[in-house]
2 protein chains.
Amino acid sequence: MEAKEKIIQSARAVFQEKGKNGARMQEIADRAEVNKALVHYYYKNKETLFQEVFKQVSVETIVPLIEILSSEMELEEKIQFFVNSYIDRLRQNPDMIAFMVGELQRNNLPFFIEERVKKLIDQFSKQLQSSDKYKVVDPVQVLTSVIAACVFPFIAKPLVSSLTDVAGESFDEYLEKRKLELPKIILDGIKK
Amino acid sequence: MEAKEKIIQSARAVFQEKGKNGARMQEIADRAEVNKALVHYYYKNKETLFQEVFKQVSVETIVPLIEILSSEMELEEKIQFFVNSYIDRLRQNPDMIAFMVGELQRNNLPFFIEERVKKLIDQFSKQLQSSDKYKVVDPVQVLTSVIAACVFPFIAKPLVSSLTDVAGESFDEYLEKRKLELPKIILDGIKK
DNA sequence: CATATGATTAACCTTTTGGTTAAGTAAAGT
DNA sequence: ACTTTACTTAACCAAAAGGTTAATCATATG
């Protein structure tokens, strides 16, 4: 791998672990096994590098989410598929979403997300209304509840872990159970 | 108000806004309208001050949550009451929960929380099993889903806002609607 | 071969930041 | 009057951190 690529990957790891302000340019250089000057050679400064990483992570966390939820899949299957695949995706990189949420407070989402959000709302609203299997519920409420339920275990892992510990269960077992039970709860919650 | 109290309050505000690493001792002093030396006079160093704030915020965010959910209230009423009061509580200090979650990645929860968690699981499990109105569902799954649904809008506010914007609704309207719809979805989701 | 170009480094510089110190003030307690 | 308590001030320090520079290396190109 060339240096430039190694640098973003290293930057990404360090930013995810330490947050924007906790990250050190030196550590990013070290982990990429290059000189600190080279980091500044490819990326003007810390801010630029961070923005690059943040954009990348935003896309990876949010785009697939929107993609699945605004697809043409049938609603029950869609919810099931989303919960399963999104939990698995987050599990592969558990730090990512926490980092994302942490930095979301002080950084704006890349603006191209907006457009896709529109598509998502439109598709999902129609889908809910068109079938008479479902109650009259606000699609935004449903959407945010589903997303919340998938994402929360990863951003509040210490709290959730202490809950699962008490219940005598591992975090992973909890996640597996969640993939089964969550779609049921949500779907029964919106069916007539 | 005496200086010491002004300092924590100021520290809390600054930590919430900028995060642990982004916060500056100088800014904390300035906002408390005291000299930086006085901050170190009362709190040994930044770490100590932060821990103080973090403990305080942990208690304020998590204790009432556990308190309500492990109370003896009847289940339907309990869920309704929790959603209503917890959303209102978070709304009063919207930065708090995001800060909490952000720092939760790199700091441990105050340990006394553990005990209360046990009580919560016990009470909630019994409650779910004892009534035959409800399906056989894992109480931990239900608990985390309810908490997630209340907390998520505040920690992912930019994303949720872009959803509500598209739907032509304000964030506050969304929250009000949530107080009504969320308990219905959850309760119908766990009823037989 | 000479040289232009991009990649890489070691050394350095500057600013920021957390933290300290020592002297001093003002008011309350004894 | 003396002392303690609460707080202030300003100057200072050392380390950390971001960033720059000038020289060097590698390789491709005229």
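Worth saying up front: this structure is predicted, and the values here are computed from it rather than measured. No hydrogens, no waters, no symmetry mates; every other heavy atom, side chains included, goes into these values. Below, read A as the first sequence line, B as the second, and so on, with proteins coming before strands; counting in each chain starts at 1.
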task = Could you walk me through whether Arg106(B) and Glu17(A) pass salt bridge (charged side-chain N to carboxylate O under 4.0 Å, His left out), step by step?
result = CA-CA 8 Å; Arg106(B) 287 174 283 276; Glu17(A) 275 174 43; over 6 Å; no
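Protein atom NZ of Lys46(B) is 4 Å distant from nucleotide atom P of dG18(C), rounded to whole Å. For Lys20(A) and dG18(D), the NZ to P distance is 12 Å, given to the nearest whole Å. Put simply, NE2 on His40(A) is 18 Å from P on dA11(C), counting in whole angstrom units. Remark: P of dG19(D) and CG of Asn45(A) are 5 Å apart, rounded to the nearest angstrom.
The pair Glu27(A)-Arg31(A) meets the salt-bridge criterion, since a charged nitrogen lies less than 4.0 angstrom from a carboxylate oxygen.
Going from atom CD of Glu115(A) over to atom NZ of Lys118(A) covers 11.0 Å, rounded to the nearest 0.5 Å. One finds the CG atom of Leu175(A) at 11.0 Å from the CG atom of Leu182(A) (value rounded to the nearest 0.5 Å). To the nearest 0.5 angstrom, Phe152(B) atom CZ is 9.0 Å from Arg178(B) atom CZ. Taken to the nearest 0.5 Å, the CD atom of Glu67(B) stands 6.0 Å off from the NZ atom of Lys119(B).
Judged by distance alone, with hydrogens and angles left aside, the side-chain atoms of Ser161(B) form no donor-acceptor pair with the main-chain N or O of Pro158(B) at under 3.5 Å. Looking at Glu76(B), its side chain never comes within 3.5 Å of a backbone N or O of Leu187(B) through a donor-acceptor pair.
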Short heteroatom pairs, N/O only, protein and nucleotides 5-9 of chain C, under 3.5 Å:
{"from": "dA7(C)", "atom 1": "OP2", "to": "Tyr41(A)", "atom 2": "OH", "distance (Å)": "3.2"}
{"from": "dT9(C)", "atom 1": "OP2", "to": "Asn35(A)", "atom 2": "N", "distance (Å)": "2.9"}

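For the segment residues 24-32 of chain A, residues with any heavy atom less than 4.0 angstrom from an atom of DNA chain D are, sorted by number, Arg24(A), Met25(A).
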